[in-house]
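Okay, structure first, notes after.
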Amino acid sequence: MKALIINSGSSSIKFQLLEMEGEHVLASGLVERIGEEAGKISCLMRPGSSAQSTIEKVTKITDHQHGMVMAGEVLCDEQEGVVRSRQEIGVIGHRVVHGGEAFHQPTIIDDTVVAAIERNIPLAPLHNPANLDGIRVARQLFPGIAQVAVFDTAFHQTIPKRAHIYALPYELYERHRVRRYGFHGTSHKFVAGECAALMGKRLSETNLISIHLGNGCSMSAVEQGRSVDTSLGMTPLEGLVMGTRSGDVDPAIHLFLQRTAGMDLVQIDAMLNKDSGLKGICGLNDMRDIHDAAGKGDELASLALEVQTYRNKKYIGAYMAVLGRVDALVFTAGIGENDPIVREKSVAGLEHLGIELDVEKNLQRFKQPASLHTAESRVQIWVIPTNEELAIARESISVVEDAKYLKDARQ
Ligand code: ADP
């Protein structure tokens with residue numbers, strides 16, 4: 001079966017077509033600058049094969065509808081196309097950022113589901129409307145093909161109240177749904193499943209700490225395969241130090257800055273999201289640039305690295321306490337998969353907790369999952385490349401197959 005995965009943003013649409021037999025990518029594309037004069041669609045066809053090619057067009061792309069029509073045309077292109085018609089697509093999976101408390105799992109999209117995603121717009125005012133644009137257009141353009149919403153928040157819906165309720169007036173939760181939701185759920189769930197399989201254990205018997213370090217960073221405590229705590233909060237700002245996002249800060253800083261620096265709340269919010277984190281400390285947000293600068297003696301670059309890895313270590317310690325028994329730590333995403341220095345600093349000195357990194361293994365480059373612990377380490381340490389598109393595709397197919405099974409069973 002072929003699965004089309006759509007990640008629709010405010011001015012872009014990422015799409016990927018996967019052949020699920022053998023789980024390989026047929027095409028991977030991006031529609032960008034939707035609504036601007038010079039929009040662009042680019043698509044890598046048959047990546048990694050001898051027939052790999054690229055299709056690229058620069059033209060005005062008026063709206064999401066137009067962008068999606070172009071994506072469909074590229075996939076069916078007469079010369080380079082990977083399908084003859086749209087009908088060859090078996091399922092469409094949509095990434096949706098915020099499912100609030102309404103969605104605990106991937107869900108087949110119908111009008112009720114669209115309305116529920118709409119109700120969650122206040123929780124993700126930038127992301128959910130853009131995700132909904134993609135859903136609406138895809139439902140129009142691909143009638144009759146099952147479409148599934150896969151939520152970034154769903155995996156974390158198992159987090160118990162003691163970990164998701166903030167110590168604020170309780171009525172803020174009751175009236176405005178203020179609580180921890182967590183994000184990156186598709187990635188945490190995917191690497192947790194892969195890790196359990198690699199360790200030869202059942203996921204339902206595995207406790208691990210999943211450490212997603214990319215531009216956005218988050219950690220998740222996974223107990224018997226279920227998320228029981230995570231570092232991102234009501235919004236993707238809390239927790240670890242990220243590329244441009246602050247992670248944890250004293251909430252009273254807002255008022256202090258308003259009084260002393262004359263900043264208003266909108267400016268403070270923008271600063272915390274776009275000008276903080278690694279960038280806030282040293283002016284750079286790409287970890288590769290930070291290593292270069294630190295190597296040349298830039299003290300703030302070294303400090304940014306120290307602050308981020310110290311925070312990582314603090315959260316690992318906290319989640320060790322939450323879980324009690326931990327079978328594995330899993331590093332994933334751009335930094336987690338590629339940066340031996342960040343990995344080493346994040347676990348340095350945790351030998352007393354049974355975490356022992358094999359320094360030599362850690363220095364290798366990985367395209368595939370790999371273990372990094374010493375033979376004596378009580379806790380295993382893994383690098384597992386995340387693959388959110390594949391995860392969305394697997395989940396979409398599984399939910400469609402479950403629905404078919406139930407329908408057949410009822411008849
Ligand atoms: P996103 O959160 O946008 O999905 P990624 O998971 O792709 O991000 O991670 C992007 C980040 O990964 C980059 O900003 C960079 O800091 C880091 N990164 C990528 N490659 C390397 C590398 N070889 N060494 C260190 N960091 C890397």
Side-chain angles (χ1 to χ4, degrees), residues 5-16 25 28 30 32 44 47 95-97 124 126-127 130-131 150 152-153 182-191 194 210-220 230-232 235-247 273-295 298 300-309 311-312 330-346 362-370 372 383-392:
I5 307 309
I6 295 171
N7 183 352
S8 173
S10 56
S11 64
S12 69
I13 304 169
K14 281 189 203 147
F15 60 98
Q16 198 171 96
V25 178
S28 182
L30 174 65
E32 49 191 324
L44 192 59
R95 176 178 182 224
V96 182
V97 167
L126 295 181
H127 292 103
N131 300 156
V150 180
D152 269 15
T153 49
F183 299 87
H184 292 151
T186 310
S187 172
H188 288 300
K189 186 175 175 189
F190 177 79
V191 297
E194 297 285 297
S210 161
I211 308 169
H212 178 115
L213 305 175
N215 272 319
C217 300
S218 74
M219 212 177 283
S220 191
T230 198
S231 59
L232 290 172
T235 73
L237 186 57
E238 198 181 341
L240 305 180
V241 175
M242 304 176 228
T244 64
R245 287 179 252 159
S246 63
N273 278 289
K274 296 189 179 140
D275 295 317
S276 297
L278 299 168
K279 184 182 173 197
I281 298 171
C282 70
L284 301 166
N285 62 290
D286 190 305
M287 196 45 97
R288 289 161 290 196
D289 298 337
I290 292 175
H291 288 310
D292 283 351
D298 182 333
L300 289 182
S302 301
L303 180 63
L305 183 63
E306 293 300 322
V307 173
Q308 191 194 49
T309 51
R311 182 84 53 88
N312 291 345
V330 187
F331 285 95
T332 193
I335 298 175
E337 291 164 27
N338 295 302
D339 196 323
I341 300 173
V342 169
R343 289 193 300 256
E344 185 174 346
K345 281 181 169 293
S346 301
N362 182 46
L363 286 175
Q364 289 163 20
R365 295 226 150 258
F366 310 102
K367 285 245 173 293
Q368 300 293 328
L372 306 182
V383 169
I384 301 184
T386 193
N387 189 337
E388 289 176 86
E389 287 79 13
L390 177 59
I392 293 173

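None of these values were measured; they are calculated from a predicted model. Every number for a ligand or one of its atoms is a count from 1 in the order of the listing.
Numbered from 1 in the order shown, with element, the atoms of ligand 1 that lie under 4.0 Å from a heavy atom of Asn338 read 20 (N), 21 (C), 22 (C), 23 (N), 24 (N). Atoms of ligand 1 lying under 4.0 Å from any heavy atom of Gly216, numbered from 1 in the order shown and given with element: 2 (O). The ligand atoms of ligand 1 that sit less than 4.0 angstrom from a heavy atom of Ala333 are 6 (O). Of all atoms in ligand 1, numbered sequentially from 1 with element shown, those under 4.0 Å from a heavy atom of Met287 are 15 (C), 16 (O), 26 (N). Near Gly214, the atoms of ligand 1 lying under 4.0 angstrom from a non-hydrogen atom of the residue are 2 (O), 5 (P), 6 (O), 8 (O), 9 (O).
Ranking the protein heavy atoms by distance from atom 24 (N) of ligand 1 puts Arg288 CG, 3.5 Å first. For atom 6 (O) of ligand 1, the nearest non-hydrogen atom of the protein is Gly334 N, 2.9 Å. Of the protein's heavy atoms, Asp339 OD2, 3.5 Å lies nearest to atom 25 (C) of ligand 1. Of all protein heavy atoms, the one closest to atom 1 (P) of ligand 1 is Asn215 N, 3.7 Å. For atom 15 (C) of ligand 1, the closest non-hydrogen atom of the protein is Asp286 OD1, 3.4 Å. Nearest to atom 17 (C) of ligand 1 among the protein's heavy atoms is Ile335 CG1, 3.5 Å.
Contact annotation: the side chain of Ser220 never approaches that of His212 to less than 4.5 Å [non-hydrogen atoms, C-beta and beyond]. Taking the side chain as every heavy atom from C-beta outward, Met242 and Leu237 never approach each other to under 4.5 Å. You'll find the side chain of Arg95 stays beyond 4.5 Å of the side chain of Glu389, heavy atoms only. The closest side-chain heavy-atom distance from Ile211 to Ser346 is not below 4.5 Å. Ile392 has its side chain out of reach of Gln16: every pair of non-hydrogen atoms, C-beta onward, lies at least 4.5 Å apart.
Using a 4.0 Å cut-off between a side-chain N of Lys or Arg and a carboxylate O of Asp or Glu, Asp275 and Lys279 qualify as a salt bridge.
Considering OG1 of Thr386 and CD of Glu337, their distance stands at 7.0 Å, rounded to 0.5 Å.
Asp152 and His127 are not linked by any side-chain donor-acceptor pair at a separation below 3.5 angstrom, with hydrogens and angles left out of the test.
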